[in-house]
Student: 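Have a look at the structure that comes next, please.
Each chain gets a letter, A, B and so on, in the order the sequences are listed, and its residues count up from 1. In what follows, every heavy atom counts, from backbone to side chain, and hydrogens, waters and symmetry copies are set aside.
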2 protein chains.
Amino acid sequence: MSLDTRSALIEKATSLVRRQGYSGFSYADLAEAVRIRKPSIHHHFPSKEDLGVAIVAAYTERFATLLEQAAAQHQDPVGRLNAYAAMYRLGIETREGCLCGVLAREMAILPPRLQIGVRQFFNLNLRWLEQVLDLGHKESQLHPLIVAHREARTVLATLQGAMSLALALDDPEVFEQAVAGLLDRLRVPEG
Amino acid sequence: MSLDTRSALIEKATSLVRRQGYSGFSYADLAEAVRIRKPSIHHHFPSKEDLGVAIVAAYTERFATLLEQAAAQHQDPVGRLNAYAAMYRLGIETREGCLCGVLAREMAILPPRLQIGVRQFFNLNLRWLEQVLDLGHKESQLHPLIVAHREARTVLATLQGAMSLALALDDPEVFEQAVAGLLDRLRVPEG
DNA sequence: GCAAAGCTACCTATCAGAAGGTAGGCGTGT
DNA sequence: ACACGCCTACCTTCTGATAGGTAGCTTTGC
């Protein structure tokens with residue numbers, strides 16, 4: 001089993017989608033990137049939809065692992081939120097948007113299985129953020145007005161939007177400033 | 001001069017891009033929507049890029065008008081921010097993302113003229129928000145920590161992200177909650 | 001006054017290239 | 001022996017785009 005080729009396909013396809021969108025990347029692009037002939041891709045992924053499902057699954061799995069690590073390495077809610085922001089920063093550096101953030105913009109023409117995958121990714125993020133924010137509330141490290149369920153949506157939306165905006169304006173500072181504005185106001189007013 | 005057909009093309013093309021992305025919509029789709037033959041589109045817009053430039057220009061112009069109206073109708077910063085959020089709400093209702101928010105996700109494969117148009121749209125939004133937030137600071141209606149330049153980025157990012165997220169999860173409440181979390185914390189602590 | 005000339009807005013027919021996908025063959029490793 | 005991984009060759013459908021034509025205004029010259 002050529003795991004190498006298969007994972008290379010997933011990796012390169014992920015990069016392409018994150019830069020160009022799902023309908024904006026082609027088997028021809030991918031074949032060139034992996035240095036394989038176009039029809040050989042079908043040997044690993046019968047259809048483009050199958051490939052799409054695979055890259056969303058792999059992306060979500062990797063993201064879930066990173067979330068667990070972030071929770072393990074940081075006990076305090078503020079530290080966890082910073083770690084969460086740092087995950088997005090990686091994409092800014094490589095000029096690649098969040099895979100599911102990109103796919104979300106073409107939801108209407110995505111195969112159903114991909115739509116489901118995108119929603120699962122966002123729900124995973126929301127659940128994690130909700131727990132972090134809830135903890136922050138209980139430990140009084142975060143702004144008292146916080147309602148975790150609602151606030152998780154604000155945080156995810158801001159991170160996703162900040163990433164998209166920074167990439168569009170080709171200015172990493174836009175991301176830093178947008179996120180700083182969010183996190184500053186999430187912390188307790190004074191102290 | 002058939003202004004009707006031309007503006008119908010711009011309107012329908014805008015809808016299609018907002019739902020499916022730039023590379024996700026085709027002349028065939030558009031021709032069907034406007035009830036015209038495919039090659040006739042070229043009579044009004046020689047190339048897809050020309051059409052793209054036209055719809056971004058029209059969208060930005062309309063948005064600029066709405067921003068002016070919002071500023072005229074609301075003197076207070078909080079009212080202006082609510083009016084700004086209401087503009088996004090329109091898209092949620094029709095299930096169409098922000099045109100430039102969608103285009104931002106495929107920046108890498110957009111013709112240069114379209115890239116410039118997208119950046120202009122965002123910069124227009126940032127300038128407007130900066131003025132509103134600056135006014136809010138001076139009038140002490142907004143949180144004292146606010147630095148307008150930075151905070152404008154947070155607001156734009158959150159609105160864009162909230163819209164994208166709500167459409168992906170097919171749940172308007174996600175937008176409402178995300179935005180409520182933002183605006184609540186932008187207001188003065190206890191006032 | 002009115003016809004020739006040109007413009008506008010659309011049509012049919014067609015194009016070359018790229019899209020995703022299929023069929024079948026050829027080496028290689030076990 | 002045979003399954004795996006990749007190849008060449010090919011197919012269909014769709015892409016944006018062109019060519020050339022037609023009907024119906026509007027303008028122009030005399």
Student: What's the CD1-P distance between A/Ile41 and D/dC6, to the nearest Å?
Tutor: 11 Å
Student: Expressed as a whole number of angstroms, how long is the span from B/His42:NE2 to C/dA13:P?
Tutor: 17 Å
Student: Would you be so kind as to tabulate the donor-acceptor pairs closer than 3.5 Å made by side chains of residues 58-66 of chain B, with sequence neighbours excluded?
Tutor:
| from | atom 1 | to | atom 2 | distance (Å) |
| --- | --- | --- | --- | --- |
| B/Tyr59 | OH | B/Leu99 | N | 3.4 |
| B/Thr60 | OG1 | B/Val56 | O | 2.8 |
| B/Thr65 | OG1 | B/Glu61 | O | 3.0 |

Student: Considering only residues two or more places apart or on different chains, which pairs with a residue in residues 29-38 of chain A satisfy side chain to side chain donor-acceptor pair (under 3.5 Å)?
Tutor: A/Ser26-A/Asp29
Student: Taking atom types as modelled and ignoring hydrogens, do the side chains of B/Gln160 and A/Ser164 form a donor-acceptor contact shorter than 3.5 angstrom?
Tutor: no
Student: Under 4.0 Å from any atom of DNA chain D, heavy atoms only: list the residues of residues 9-16 of chain A that qualify, in numerical order.
Tutor: none
Student: Provide, to the nearest angstrom, the distance between the NZ atom belonging to B/Lys48 and the P atom belonging to D/dT18.
Tutor: 15 Å
Student: Between B/His44 and C/dC10, is there a side-chain N or O to OP1/OP2 distance below 4.0 Å?
Tutor: yes
Student: Base of D/dG16, side chain of B/Lys38 - is there a donor-acceptor contact under 3.5 Å?
Tutor: yes
Student: Starting from C1' on C/dA19, measure out to CD on A/Glu49 and report it in whole angstrom.
Tutor: 16 Å
Student: In Å and rounded to the nearest 0.5 Å, what is the CG to OG distance from A/Leu30 to A/Ser40?
Tutor: 11.0 Å
Student: Under the rule for ring-ring contact (aromatic ring centres under 6.0 Å, His included), what residues qualify as partners of A/His42, not counting sequence neighbours?
Tutor: A/Tyr27
Student: Roughly how many Å is it from CZ in A/Arg6 to P in D/dC4, rounded to a whole number?
Tutor: 14 Å
Student: Provide, to the nearest angstrom, the distance between the CD atom belonging to B/Gln20 and the P atom belonging to D/dT15.
Tutor: 10 Å
Student: From CG of A/Leu51 over to P of C/dA19, roughly how many Å is that when rounded to an integer?
Tutor: 14 Å
Student: Under 4.0 Å between a Lys/Arg side-chain N and an Asp/Glu carboxylate O for B/Arg153 and A/Glu173?
Tutor: no
Student: Check each residue of residues 105-115 of chain A for a non-hydrogen atom within less than 4.0 Å of any atom in DNA chain C, then write out the ones that pass by number, or none.
Tutor: none
Student: With rounding to the nearest 0.5 Å, note down the distance linking OG1 in B/Thr158 to CZ in B/Phe175.
Tutor: 10.5 Å
Student: Are OP1 or OP2 of D/dG5 and a side-chain N or O of A/Thr5 less than 4.0 angstrom apart?
Tutor: no
Student: Can you tell me how far P of C/dG21 sits from CG of A/Asp50, to the nearest Å?
Tutor: 8 Å
Student: Using the test salt bridge (Lys or Arg N to Asp or Glu O under 4.0 Å), find all partners of A/Asp170 that sit at least two apart in sequence or belong to another chain.
Tutor: A/Arg95
Student: Please enumerate all protein N or O atoms sitting under 3.5 Å from an N or O of nucleotides 23-30 of chain C, with distances to 0.1 Å.
Tutor:
none

Student: Please list, one pair per line, the donor and acceptor atoms closer than 3.5 Å that link side chains of residues 129-139 of chain A to other protein atoms, with sequence neighbours excluded.
Tutor:
| from | atom 1 | to | atom 2 | distance (Å) |
| --- | --- | --- | --- | --- |
| A/Asp134 | OD2 | A/Lys138 | NZ | 2.9 |
| A/Glu139 | OE1 | A/Gln141 | NE2 | 3.4 |

Student: Distance only, no hydrogens: is a donor on one side chain within 3.5 Å (strictly under) of an acceptor on the other, for B/Thr154 and A/Gln177?
Tutor: no
Student: I'd like to check the salt bridge (Lys or Arg N to Asp or Glu O under 4.0 Å) partners of A/Asp76; sequence neighbours left out, ordered by chain and number.
Tutor: none
Student: Which residue pairs satisfy the side chain to side chain donor-acceptor pair (under 3.5 Å) criterion with at least one member in residues 113-125 of chain A, sequence neighbours excluded?
Tutor: A/Glu49-A/Arg113, A/Asp50-A/Arg113, A/Tyr84-A/Asn125
Student: At less than 4.0 Å, is any side-chain N or O atom of A/His43 found next to OP1 or OP2 of C/dT22? Yes or no.
Tutor: no
Student: Any donor and acceptor pair, going by atom type alone, linking the side chain of A/Arg150 with main-chain N or O of A/Ile146 inside 3.5 Å?
Tutor: no
Student: Side-chain donor-acceptor pairs under 3.5 Å in residues 9-16 of chain B, sequence neighbours left out?
Tutor:
| from | atom 1 | to | atom 2 | distance (Å) |
| --- | --- | --- | --- | --- |
| B/Thr14 | OG1 | B/Ile10 | O | 2.6 |
| B/Ser15 | OG | B/Glu96 | OE2 | 2.8 |

Student: Using heavy atoms and a sub-4.0 Å distance, could you list which residues of residues 24-37 of chain B are near DNA chain D? By number, please.
Tutor: B/Phe25, B/Ser26, B/Tyr27, B/Ala28
